[in-house]
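Heads up: the structure comes next, in structure tokens.
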Amino acid sequence: MNMTFGMRDENRALLDRVKTMIRDDIMPLADEYAEEIAKGDRWQFTERQTEILEGLKSKAKEQGLWNFWLTDSAAGFGLTTVEYAYFAEEMGKTPLGAEVFNCSAPDTGNMEVLERYGSARMKETWLKPLLDGQIRSAYLMTEPAVASSDATNISMSCVRDGDDYVLNGEKWWSSGAGDPRCKVYITMVKTGSDDMPKHQQHSMIVVPAGTPGIEILRAMEVYGHDDAPHGHMHIRFTDVRVPAENLILGEGRGFEISQGRLGPGRIHHCMRAIGQAEAALEQMCRRALNREAFGKKLAQLGANYDIMAECRMEIEMARLLCLKAAWYMDQGDARAAAPWISQIKVVAPRTALKVIDEAVQMFGGQGVSQDTKLAQTWTHVRTLRLADGPDAVHRRQIARAELKKYTQEKM
Ligand SMILES: Cc1cc2nc3c(=O)[nH]c(=O)nc-3n(C[C@H](O)[C@H](O)[C@H](O)COP(=O)(O)OP(=O)(O)OC[C@H]3O[C@@H](n4cnc5c(N)ncnc54)[C@H](O)[C@@H]3O)c2cc1C
């Protein structure tokens, strides 16, 4: 029996259908899909790659298994964040999982922004094709020249000129901007002057990919991997003109929007990381039972029982914390949820990294090779200790929330 507390009965059946599709349709094609990426120009899709991906997406869509992440919207299933956690965990178990159900980063966060804060025109032009899975998007905040974990440092200039804004500056680590299907960037820019309140100097603007003046300089590598065709791109903007109506909500509202965006996005990453940890523990156990050394199964050697038990306990603790953070999000008070999201944002990648590393060890040399997905998964999860806020920044938030309890005490 699987624990699914917080899940309504009707959604249990839906989760089972997602699990079945992942097991029967997606996982069997994962290796072939990865091999296709390696062929020819890795930044373009081969015919077969498109066939696999679009075939799976159509199948998911036909079955109504689509856009689960839209938790509180009429367009989605109306899942709670707690319920969505169980779905995201399953999708995290295979690299294609999230995209097949149109639930992948950074699109979900960007769609959330457009849905909550976008104008009718933005919704028609960008949200609709994103919800349909026809295009993809990127979120451009981080900049090479400034410490971007403090987003008040963001410095890309955005100056009003007639009916346009003109953007200048550089962004990097723009995940997904390498994908030829990426048609739009949600971009954090500086519209205000230094003498304005710190959190009112920035804005978010919708920039169509391919606008004149945009140059993709290079793909940033993660431990030597460029993550093609998704990519984490380094992009230069030189006098990029964007219609003024592309500014979301108005000047100075960037932080308000980014808070709305990053909460759900962060927790989705954590949910998938727990799925990745589960998948690694399963591989570790199967390997430990199927291989022998010194006359015994690997499971029976050395401290391997303890290692597997520790991994199981840590995953369970991380999952419960994730569900607690999700529950806080469902209460509708983003401020109260924030320290819980920060806690899981530190704990989930740390747990997943530990479990994946132990699985690598159980596989011996094969564990670090291309013959399992473990090495690739480890490098991906390692980046989560930086992306969407480095650990230290989240620990700072957790400690501040903790101390506030006592500094606000009446003496
Ligand atoms: C694979 C990957 C994908 C990414 N995708 C995106 C994306 O799609 N869009 C996007 O905009 N960005 C993206 N990022 C960027 C990511 O969000 C930033 O790297 C992150 O916010 C940190 O900013 P920085 O790199 O400028 O580090 P810095 O701000 O320079 O921080 C460096 C280090 O300083 C230390 N530090 C910072 N603040 C504190 C503190 N308060 N206390 C103690 N120590 C501190 C931490 O150790 C931190 O890691 C991605 C990054 C990676 C690696």
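These numbers were taken from a predicted model, which means no experiment stands behind them. Residue numbers count from 1 along this sequence. For ligands, and for the atoms within them, numbers begin at 1 and follow the listed sequence.
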protein heavy-atom neighbour closest to atom 37 (C) of ligand 1 works out as Ser149 OG, 3.4 Å
Counting from 1 in the order shown, the ligand 1 atoms closer than 4.0 Å to a non-hydrogen atom of Met141 are 10 (C), 11 (O)
Would you please determine whether Asp391 falls within less than 4.0 Å of ligand 1 on a heavy-atom basis? no
Among Leu386, Val393, Leu384, Thr379, closest by heavy atom to atom 21 (O) of ligand 1 is Leu386
Query - Any N or O of Ser148 closer than 3.5 Å to N or O of ligand 1 - result: yes
With sequence neighbours left out, the residues meeting side-chain contact (heavy atoms from CB on, under 4.5 Å) with Ala177 are Ala138, Ser174, Tyr185, Met233, Ile235
I'd like to know if Arg253 and Glu256 make a salt bridge, using a cut-off of under 4.0 Å between side-chain N and carboxylate O. yes
Among non-hydrogen protein atoms, atom 8 (O) of ligand 1 lies closest to Ser175 N, 3.1 Å
- Message: I'd like to check atom 25 (O) of ligand 1 in this structure: does the protein have a heavy atom lying under 4.0 Å from it?
- Response: no
Quiz question for you: does at least one protein heavy atom lie closer than 4.0 Å to atom 33 (C) of ligand 1? no
> Between Glu99 and Arg136, does at least one N-O distance fall below 4.0 Å, as a salt bridge requires?
Replying inline: yes
* With a 4.0 Å cut-off, would you call Arg350 and Asp391 a salt bridge? -> no
Between Asp333 (side chain only) and Arg335 (backbone N and O only), is there a donor and an acceptor less than 3.5 Å apart? yes
Discussion item. Please determine whether a side-chain nitrogen of the Lys or Arg among Arg48 and Glu32 lies less than 4.0 Å from a carboxylate oxygen of the Asp or Glu.
Written reply: yes
Q.
Evaluate Glu143 for polar contact with ligand 1, using N/O atom pairs at a separation under 3.5 Å.
A. no
Residue, atom and distance of the protein heavy atom nearest atom 22 (C) of ligand 1 read Pro390 CG, 3.8 Å
### Query
Any protein heavy atom lying closer than 4.0 Å to atom 16 (C) of ligand 1?
yes
So the atoms of ligand 1 within less than 4.0 Å of a heavy atom of Val146 turn out to be 26 (O)
Sequence neighbours excluded, the answer for side chain to side chain donor-acceptor pair (under 3.5 Å) partners of Asn168 is Asp239
Can an N or O of Ser174 be found at a distance shorter than 3.5 Å from an N or O of ligand 1?
-> no
Salt bridge check: are Asp388 and Lys345 linked by an N-O gap of less than 4.0 Å? no
Please report whether the ring centroid of Phe68 lies less than 6.0 Å from that of Phe87.
yes
Hey, is the main chain of Met7 close enough, under 3.5 Å, to the side chain of Arg12 for a donor-acceptor pair? yes
Would you mind checking if Arg312 and Glu278 are paired as a salt bridge, meaning a charged N to carboxylate O distance below 4.0 Å?
yes
Going by the 4.0 angstrom heavy-atom rule, the piece of Asp388 near ligand 1 is backbone
for atom 41 (N) of ligand 1, nearest protein heavy atom and its distance come out as Arg396 CD, 3.4 Å
### Task
Report yes if Trp173 has an N/O atom closer than 3.5 Å to an N/O atom of ligand 1; otherwise report no.
yes
protein heavy-atom neighbour closest to atom 36 (N) of ligand 1 works out as Ala392 CB, 4.4 Å
What one should report as the nearest heavy-atom pair of Ser149 and Val393 is CB-CG2, 3.8 Å
(Q) I'd like to check whether Tyr139 has a polar contact with ligand 1, where a contact means an N/O of the residue lying under 3.5 Å from an N/O of the ligand. (A) yes
Exercise. Does the N or O separation between Thr142 and ligand 1 drop below 3.5 Å for any pair?
Worked result: yes
